[in-house]
Amino acid sequence: GAVVSQHPSWVICKSGTSVKIECRSLDFQATTMFWYRQFPKQSLMLMATSNEGSKATYEQGVEKDKFLINHASLTLSTLTVTSAHPEDSSFYICSASLREQFALADTQYFGPGTRLTVL
Amino acid sequence: AQRVTQPEKLLSVFKGAPVELKCNYSYSGSPELFWYVQYSRQRLQLLLRHISRESIKGFTADLNKGETSFHLKKPFAQEEDSAMYYCALSGGLGNKLVFGAGTILRVKS
């Protein structure tokens, strides 16, 4: 259980175009979804926290107009990288959180990631 | 401020040797601590969390509030344990995870 999928797994686009990445929780309804960037051999950098039906909360330094997040349902969140530039090339990872019995905190389950390359 | 520190970037051990991956945290309340593992070309997976007190794949981790540590241990390392390990902290329900920088564990034969 607790499987999270991402689509696409990789994408190449031209500079100036927009790219949409989907994140789905397949077998559970997520309390919250999160979007991260991961640079090679580095830890995950949280970009934003997303709750269904409300505006995403962005981390400091993350441009909300550039990284648009839509959280349409309890099982789907999308990240759109608008007017992509080569410096946006990265590995984008989403997670979905599940509230489990007796836990002090939600458990985050991660998607496989999306490799974005902007030419 | 919430912070997770993993002091070792790389830990290299021989197969069969004990392993200890260090994790220290700073948090003013009562956090929940997690260990996540990322095998080569795979997604980040939950390994264990302090509240469940489980042993997964032979790994254990005990929360030491006095030392604010949550070190990950395994008595006998196996080659398939080679991966990136992340310690993470959550301040509570609905809260985000704060990750450490990660430690690469390399188990040599």
Side-chain angles (χ1 to χ4, degrees), chain A residues 1-7 9-10 23-26 28 30-52 54 56-60 62 69 91-115, chain B residues 1-10 21 23 25 27-54 56 63 65 70 82-106:
Chain A
V3 179
V4 178
S5 71
Q6 267 182 259
H7 179 79
S9 53
W10 59 270
C23 177
R24 290 181 188 271
S25 55
L26 297 185
F28 67 101
T31 314
T32 307
M33 287 183 166
F34 301 84
W35 288 95
Y36 297 84
R37 273 180 89 160
Q38 186 178 34
F39 294 99
K41 299 189 180 178
Q42 291 190 32
S43 189
L44 284 76
M45 184 194 85
L46 180 65
M47 297 174 66
T49 302
S50 172
N51 288 291
E52 184 250 346
S54 60
T57 303
Y58 290 82
E59 294 299 299
Q60 198 170 15
V62 178
I69 291 171
F91 196 55
Y92 292 87
I93 302 173
C94 75
S95 72
S97 65
L98 177 62
R99 190 149 295 175
E100 292 172 305
Q101 207 174 19
F102 307 122
L104 296 178
D106 301 336
T107 304
Q108 284 190 35
Y109 292 93
F110 287 81
T114 297
R115 171 78 55 201
Chain B
Q2 301 174 29
R3 185 178 298 149
V4 177
T5 304
Q6 293 179 251
E8 302 137 331
K9 212 166 184 177
L10 170 66
L21 297 166
C23 172
Y25 67 91
Y27 185 73
S28 54
S30 294
E32 177 142 21
L33 276 295
F34 301 81
W35 276 99
Y36 281 87
V37 59
Q38 190 171 30
Y39 299 102
S40 179
R41 296 173 194 247
Q42 292 188 31
R43 72 180 71 198
L44 211 61
Q45 302 172 35
L46 177 66
L47 182 61
L48 51 80
R49 59 197 299 170
H50 90 264
I51 201 166
S52 58
R53 297 180 174 273
E54 292 174 302
I56 306 292
L63 180 63
K65 291 186 179 180
F70 188 55
S82 296
M84 173 73 98
Y85 290 80
Y86 293 100
C87 182
L89 170 160
S90 175
L93 296 175
N95 283 22
K96 58 190 179 185
L97 279 176
V98 176
F99 281 90
T103 299
I104 299 170
L105 174 64
R106 203 163 282 156

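Residue numbering restarts at 1 for every chain, and letters A, B, ... go by the order of the sequence lines.
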Interchain contact, A:Thr57 with chain B, by part (heavy-atom threshold 4.5 Å): neither
Side-chain heavy-atom pair B:Leu97, A:Tyr36 within 4.5 angstrom cut-off: yes
Side-chain donor or acceptor of B:Arg43 paired with backbone N/O of A:Ile93 under 3.5 Å: no
Gap separating the OH atom of B:Tyr36 from the OG atom of A:Ser43, nearest 0.5 angstrom: 12.0 Å
Portion of B:Leu44 that has a non-hydrogen atom of chain A nearer than 4.5 angstrom: both
Contacting moiety of A:Gln6, where chain B heavy atoms sit under 4.5 Å: neither
CA sep, side-chain torsions, deciding dist, call: A:Leu46, B:Phe99, side-chain contact (heavy atoms from CB on, under 4.5 Å): CA-CA 9 Å; A:Leu46 180 65; B:Phe99 281 90; over 6 Å; no
Interchain contact, B:Arg49 with chain A, by part (heavy-atom threshold 4.5 Å): side chain
Part of A:Gln108 within contact of chain B (heavy atom distance under 4.5 Å): both
Contact winner vs chain A - B:Gln42, B:Met84, B:Gln45, B:Gln38, heavy-atom pairs under 4.5 Å: B:Gln38
Non-hydrogen atoms of A:Glu59 and B:Lys96 that approach each other most closely: OE1-NZ, 2.9 Å
